[in-house]
Amino acid sequence: MKQFGVVFQHEYLGFLKNKVYAGVTIFLVLAIAVILCLPNLLSLFSSGDTAAEAPAPETQKPVVLVDAAAAGDGYAAYLASVFPGYAFEEAQTAGLDVKALINDGKYEAAVIFQSPMQYAFYTKRLGISGSDLLGGLGEAVAVKMRTDALEGLGISPQEAEQIITAQPEQSVIETGKSFMDTYFYTYALLFILYLSVILYGQMVASAVAAEKSNRAMEMLITTASPNNLMFGKIMGVGMAGLTQVAIILLAAFGFYQLNASAWDNEIINSLFNMPVNIMLFTLLFYLLGFFLYAFLFGAVGSLVSRTEDVNTTVTPMMLLLVGAFFLSLYAMLGNPDSLLVVICSFIPFFTPMLMFVRICMTDVPVWQILLSVVLTVGFTGFMGWLSAKIYRVGVLMYGKPPKPGELIRVLRSSKNN
């Protein structure tokens, strides 16, 4: 136990004293501080200029309505009430060159009516985003035609407007967890979980491979047992990762609380008002996911003789992580209660992300949560035992990483010995 403590302390304090680790942590905290304080900072700079810099009145864009009488009376006044950013005037087709007037800049656009529900729209250049006038003109023309038709039947303009603009009142009641209330913080926490597991898992593999490549492992193995070396290193890196994530999240929460009154953003408010139980599940599944994959990364790191070979050797674990991440995204965007998602959430390699998404976005029975945790803890223990055996053999193997068949034979021979 003393050997384990020494290795754990060495790895943990080594990360805390690492300049890159400290620099990244400080940079992320400062970046979060600037982002979350931005509304108050902008209000400080803009408060002194509001009185001096009054916004200039918006210039109305001229539009000519040609033969509007063919569509109905009072078209210019009606469209002006619908589109306040435009100034409408009526004209006749005779002697009017619409294209030339638009190209010369006299008019922003022209509307030539053939009937109440048929017109041609002229503009110099529509652009990718189109025109706000063109986008709403069709509905405005249809409302005008229906209003005139109802007035022709003896219905007053006010009653006609009420009939045409009437909208049904609906209320939506969700019997489960609200998708919009949970989506944003689920995605953010899932992304943090994915990045932290993949980042710190690779750190474990790289640290083991580095000690092996510079022959430091040969001296360490004589003073400490392989199990204490591996578990101490994994626990130290895991605690360093958890410390960094905790500092960043606590800083984000603190700066949000200082500026909460200035934020009127649904996404930001959702991120920082998540339930307490979700935070606890985040910690639980972070630990489960990290240690499960860290054992694998540590075992693989002990099999390579050069740090350059780490990225190639850890590819299978990376594919498992990427698969778990994309399956979790599918659950978020699709149906988190689908049979595929439910079954995969009990597979230990997928549980830390997939069961976490299910808990955040749906009402998961307690027995399913307990079963997934028990299965993952048990499988993690088995992978820790297997990884320790691989580590014990791999740290003294040099050359190309052994193939699976060769590794199994070596493990069997070491067990017999």
Side-chain angles (χ1 to χ4, degrees), residues 168-201 242 245 249 252-253 256 265-296 316-383:
E169 294 184 6
Q170 70 174 13
S171 58
V172 179
I173 301 173
E174 295 180 281
T175 58
K177 291 184 178 180
S178 172
F179 175 83
M180 293 307 298
D181 289 344
T182 60
Y183 176 81
F184 298 114
Y185 67 71
T186 302
Y187 181 81
L189 293 175
L190 175 66
F191 197 69
I192 293 172
L193 185 65
Y194 168 73
L195 284 182
S196 58
V197 170
I198 205 170
L199 175 63
Y200 297 113
L242 184 61
V245 172
L249 293 181
F253 181 77
Y256 171 78
N265 184 284
E266 181 182 358
I267 298 177
I268 298 296
N269 292 333
S270 171
L271 290 177
F272 292 97
N273 289 289
M274 68 183 74
V276 176
N277 67 315
I278 296 298
M279 300 180 189
L280 298 178
F281 279 121
T282 302
L283 176 61
L284 171 64
F285 286 107
Y286 168 82
L287 294 175
L288 289 176
F290 170 78
F291 287 116
L292 173 59
Y293 282 96
F295 287 136
L296 295 175
M317 279 72 74
M318 299 290 287
L319 292 177
L320 278 174
L321 276 168
V322 172
F325 179 71
F326 278 103
L327 192 57
S328 301
L329 289 182
Y330 163 76
M332 290 179 59
L333 301 175
N335 183 8
D337 291 322
S338 66
L339 183 61
L340 173 65
V341 173
V342 172
I343 293 175
C344 290
S345 66
F346 293 101
I347 300 176
F349 289 116
F350 301 148
T351 296
M353 295 185 192
L354 207 53
M355 182 57 75
F356 175 71
V357 169
R358 288 187 60 205
I359 291 172
C360 288
M361 304 197 72
T362 64
D363 296 308
V364 184
V366 176
W367 70 266
Q368 292 190 12
I369 299 176
L370 293 176
L371 178 60
S372 68
V373 172
V374 169
L375 289 174
T376 306
V377 170
F379 187 75
T380 301
F382 168 74
M383 292 309 302

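A quick note: this is a predicted structure, and the numbers were derived from the prediction, not measured. All residue numbers in this chain count up from 1 along the given sequence.
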Decide yes or no for V197 and P352: does some side-chain heavy atom of the first lie under 4.5 Å from some side-chain heavy atom of the second? no
Is the shortest heavy-atom distance from the side chain of V357 to the side chain of M361 under 4.5 Å? yes
Relative to the ring of F379, is the ring of F349 parallel (under 30°), tilted (30 to 60°) or perpendicular (over 60°)? perpendicular
Considering only heavy atoms from C-beta outward, does the side chain of L280 approach that of L284 to under 4.5 Å? no
Just how far is it from atom CE of M332 to atom CG of L327, taken to the nearest 0.5 Å? 12.5 Å
Please assess S196 against Y286 for the test side chain to side chain contact (heavy atoms under 4.5 Å, CB included), listing each intermediate value before the final yes or no. CA-CA 8 Å; S196 58; Y286 168 82; 3.2 Å; yes
Shortest non-hydrogen separation from V341 to P336 and the atoms involved: CG1-O, 3.4 Å
Closest approach of F350 to C344 (non-hydrogen atoms, all atoms of both residues): CB-O, 3.4 Å
As an exercise, state the distance from CZ of F290 to CG of L292, rounded to the nearest 0.5 Å. 11.0 Å
Between T351 and L288, is a side chain to side chain contact (heavy atoms under 4.5 Å, CB included) present by the stated rule, with each step listed? CA-CA 9 Å; T351 296; L288 289 176; 5.6 Å; no
Over all heavy atoms of both residues, which pair between S345 and L354 is shortest? Give the atoms and the distance, please. N-CD2, 3.6 Å
If you compare all heavy atoms of P275 against all heavy atoms of N277, which two are closest, and at what distance to 0.1 Å? CB-OD1, 3.0 Å
Heavy atoms, side chains only, cut-off 4.5 Å: are L249 and V245 in contact? yes
Within-4.5 Å side-chain heavy-atom neighbours: M279 and L189: no
Residue pair L287 / L242, side-chain heavy-atom distance below 4.5 Å: yes
Non-hydrogen atoms of P348 and T376 that approach each other most closely: CA-OG1, 4.0 Å
Separation of F285 CZ from L190 CG (nearest 0.5 Å): 12.0 Å
Enter the distance from M317:CE to I198:CD1 here, rounded to the nearest 0.5 Å. 11.0 Å
To the nearest 0.5 Å, what is the distance between CE on M355 and CD1 on I347? 11.0 Å
Check the angle between the aromatic planes of F325 and Y194 and answer parallel, tilted or perpendicular using the 30° and 60° thresholds. parallel
Shortest non-hydrogen pair, F291 vs F295, comes out as O-CD1, 2.9 Å
So the side-chain hydrogen bond (donor to acceptor under 3.5 Å, both in side chains) pairs with at least one residue in residues 316-328 (sequence neighbours excluded) are none
Partner residues of Y187 under the ring-ring contact (aromatic ring centres under 6.0 Å, His included) criterion, sequence neighbours left out: none
Are more than 12 heavy atoms from other residues, nucleotides or ligands located less than 6.0 Å from atom CZ of F346? yes
To the closest 0.5 Å, what do you measure between CZ (F281) and CD1 (I359)? 4.5 Å
